[in-house]
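Only this structure's heavy atoms are used, side chains among them; waters, hydrogens and symmetry mates stay out.
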Amino acid sequence: MLLGIVATNESAEEHLVGLASAAIALGWQCRCFLTDLGVRLLRSAGLLELVASGGLILAVCEHSWEIFGSGSAPGGVSMASQYQNAELAHLCDKVIVL
């Protein structure tokens with residue numbers, strides 16, 4: 001199973017980390033795309049731990065980061081375009097939007 005999670009708001013942190021952690025525990029592959037205010041989730045220690053563990057592939061909308069983010073993106077995170085968001089929707093078996 002390949003689970004895709006799209007987060008558009010920083011208030012999604014608890015749900016995003018919980019869903020991704022549960023999916024990884026089940027042995028599922030998990031991809032995430034952050035856009036709009038969701039890019040602020042790069043401040044989430046729990047999310048970055050999942051990325052560092054290799055369990056979660058994370059891409060961030062570069063345009064949204066320029067508007068709502070600050071500084072350099074953490075290591076292990078790919079700056080991307082909305083094309084990668086569309087690709088996630090196409091490749092994943094299930095997609096959850098938060």
Side-chain angles (χ1 to χ4, degrees):
M1 169 74 75
L2 178 54
L3 177 66
I5 304 173
V6 178
T8 63
N9 197 297
E10 60 194 304
S11 65
E13 179 179 7
E14 183 180 345
H15 296 294
L16 172 57
V17 172
L19 286 167
S21 296
I24 293 164
L26 289 171
W28 295 359
Q29 295 176 9
C30 195
R31 292 179 64 160
C32 180
F33 187 82
L34 304 179
T35 190
D36 199 8
L37 290 170
V39 300
R40 293 182 177 165
L41 289 168
L42 285 181
R43 295 183 272 205
S44 168
L47 183 62
L48 294 177
E49 286 176 19
L50 293 174
V51 172
S53 75
L56 177 66
I57 297 170
L58 180 60
V60 177
C61 176
E62 186 172 18
H63 178 71
S64 293
W65 182 252
E66 290 172 2
I67 296 170
F68 301 115
S70 61
S72 299
V77 175
S78 299
M79 285 296 156
S81 70
Q82 288 297 322
Y83 175 82
Q84 280 73 30
N85 188 10
E87 184 180 58
L88 177 143
H90 176 72
L91 295 175
C92 291
D93 298 306
K94 301 287 181 190
V95 177
I96 298 171
V97 179
L98 304 171

Partners passing side chain to side chain contact (heavy atoms under 4.5 Å, CB included) against Ile96 (at least two apart in sequence or in another chain): Leu3, Leu19, Leu98
Do you know which two heavy atoms are closest between Leu2 and Leu91, and how far apart they sit? CD2-O, 3.7 Å
Contact list for residues 7-29, test salt bridge (charged side-chain N to carboxylate O under 4.0 Å, His left out), sequence neighbours left out: Glu10-Arg40, Glu10-Arg43
Under the rule for side-chain hydrogen bond (donor to acceptor under 3.5 Å, both in side chains), what residues qualify as partners of Gln29, not counting sequence neighbours? none
Under the criterion side-chain contact (heavy atoms from CB on, under 4.5 Å), I'd like the reasoning laid out for Ser44 against Val17: C-alpha separation, chi angles, the key distance, then a yes or no. CA-CA 9 Å; Ser44 168; Val17 172; 4.0 Å; yes
Among all residues two or more places apart in sequence or in another chain, which pass the side-chain hydrogen bond (donor to acceptor under 3.5 Å, both in side chains) test with Ser11? Asn9
Heavy atoms only: give me the nearest Leu56-Cys32 pair and the separation to one decimal. CD1-CB, 3.8 Å
Apply side-chain contact (heavy atoms from CB on, under 4.5 Å) to the pair Leu34 and Leu16, showing each step before the final yes or no. CA-CA 10 Å; Leu34 304 179; Leu16 172 57; 4.1 Å; yes
Who passes side chain to side chain contact (heavy atoms under 4.5 Å, CB included) against Ser53, sequence neighbours left out? none
Listed partners of Ser81 passing side-chain hydrogen bond (donor to acceptor under 3.5 Å, both in side chains), at least two apart: Gln84
side-chain hydrogen bond (donor to acceptor under 3.5 Å, both in side chains) filter on Asp36, not counting sequence neighbours, yields none
Give the minimum heavy-atom separation between Ile5 and Ala20, together with the two atoms involved. CD1-N, 4.0 Å
If the condition is side chain to side chain contact (heavy atoms under 4.5 Å, CB included), which residues does Ser64 pass it with, not counting sequence neighbours? Thr35, Val39, Cys61, Phe68
Suppose we screen for side chain to side chain contact (heavy atoms under 4.5 Å, CB included). Which residues come up paired with Ala89, at least two apart in sequence or across chains? none
Nearest non-hydrogen partners of Leu47 and Leu41, listed with the distance: CD2-O, 3.6 Å
Any chance you could pull the hydrophobic cluster mates of Val95, using side-chain heavy atoms under 4.5 angstrom and chaining through other members? Val6, Phe33, Leu88, Val97
Inter- and intrachain pairs under salt bridge (charged side-chain N to carboxylate O under 4.0 Å, His left out), touching residues 58-77, at least two apart: none
Those residues at least two apart in sequence (or on a different chain) that pass salt bridge (Lys or Arg N to Asp or Glu O under 4.0 Å) with Glu87 are Arg31
Show your working on side-chain contact (heavy atoms from CB on, under 4.5 Å) between Asp93 and Trp28 and close with a plain yes or no. CA-CA 11 Å; Asp93 298 306; Trp28 295 359; over 6 Å; no
